[in-house]
Amino acid sequence: MKCPSLAGPAVALVVALLPGCATAPGLAVFDTGSQVELRSYQSRLLPGSDREQFLRVVIGTMQDLGFVIDKADAALGTVTGTKLAGYEVRMTVTVQPQGRAQFMVRANAQSKPKPTAAAVAIEEPGPYQDFFAALEKALFLAAH
């Protein structure tokens with residue numbers, strides 16, 4: 001006795017569903033352009049050799065900009081702070097060594113327009129440019 005084959009109907013079903021999975025023409029599956037641009041705002045390669053001292057300067061810079069430090073972890077190289085200015089801004093700064101005399105610094109900020117609202121990533125360059133300008137000035141002053 002032969003078992004009925006389900007291969008024919010299964011193949012027909014898969015073929016019928018495939019057009020629904022196709023992407024629209026010209027739509028990139030991995031649209032990394034905006035993420036690369038965002039990362040360029042958020043990251044800087046800055047001079048320094050002492051990670052703990054560098055983190056202290058990051059903390060001081062964030063405090064000068066009105067952030068209250070929520071958490072600092074020297075082992076991970078991260079500092080997280082919150083700023084209240086009519087709305088909440090939360091920023092995490094990560095410091096990773098790059099060679100002997102440089103650090104890759106990446107800032108990631110989110111805002112909450114209302115206490116009950118969900119946090120939204122800040123994707124405009126302005127806040128990041130302001131942070132890095134203040135950090136570079138603080139690093140210069142700390143070095144001299």
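Just the heavy atoms: all of them, side chains too, but no hydrogens, waters or symmetry mates, feed the values below. Keep in mind that this is a model prediction, so the values were computed, not measured.
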Rounded distance (nearest 0.5 Å) linking atom CD of Gln102 with atom CG of Leu45:
4.0 Å
Under the side-chain hydrogen bond (donor to acceptor under 3.5 Å, both in side chains) rule, what do Asp70 and Thr82 come out as? Steps first, then yes or no, please.
CA-CA 7 Å; Asp70 301 322; Thr82 303; 2.4 Å; yes
Taking side chain as C-beta onward, heavy atoms only, is Ile69 less than 4.5 Å from Val79?
yes
Please check this pair: side chain of Gln98 against backbone of Pro47, looking for a donor-acceptor N/O pair closer than 3.5 Å.
no
The reported gap from OG in Ser43 to CE in Met104 (rounded to nearest 0.5 angstrom) is 5.5 Å
If the condition is side-chain contact (heavy atoms from CB on, under 4.5 Å), which residues does Arg44 pass it with, not counting sequence neighbours?
Leu46, Gln129, Phe132, Glu136
How far apart are the C-alpha atoms of Glu124 and Tyr41, what are their side-chain angles, what is the distance that settles it, and do they pass the side chain to side chain contact (heavy atoms under 4.5 Å, CB included) test?
CA-CA 8 Å; Glu124 299 84 36; Tyr41 304 148; over 6 Å; no
Are a donor atom and an acceptor atom from the side chains of Gln110 and Arg90 found within less than 3.5 Å of each other?
no
If we count only N and O atoms by modelled type, under 3.5 Å, do the side chains of Thr94 and Thr78 hold a donor and an acceptor together?
no
Can you get from Ile122 to Tyr87 by hopping between Ile, Leu, Val, Met, Phe, Trp and Tyr side chains that sit under 4.5 Å apart?
yes
Can you run down the ring-ring contact (aromatic ring centres under 6.0 Å, His included) pairs that involve residues 46-75, sequence neighbours left out, and say none if there aren't any?
Phe54-Phe103
Check whether any side-chain heavy atom of Lys83 lies under 4.5 Å from a side-chain heavy atom of Met91, and answer yes or no.
no
What distance separates Gln63 CD from Leu65 CG, expressed to the nearest 0.5 Å?
10.5 Å
Within a strict 4.5 Å, meaning less than it, do heavy atoms of the Ser111 and Glu88 side chains meet?
no
Out of curiosity, Leu135 CG to Asp130 CG, how far, rounded to the nearest 0.5 Å?
12.5 Å
Side-chain (Tyr128) to main-chain (Leu38) donor-acceptor, under 3.5 angstrom
no
Could you report the tightest heavy-atom contact between Lys112 and Ala117, atom names first, then the distance?
CE-O, 3.0 Å
Does Gln42 reach the side chain of Asn108, with side-chain heavy atoms less than 4.5 Å apart?
yes
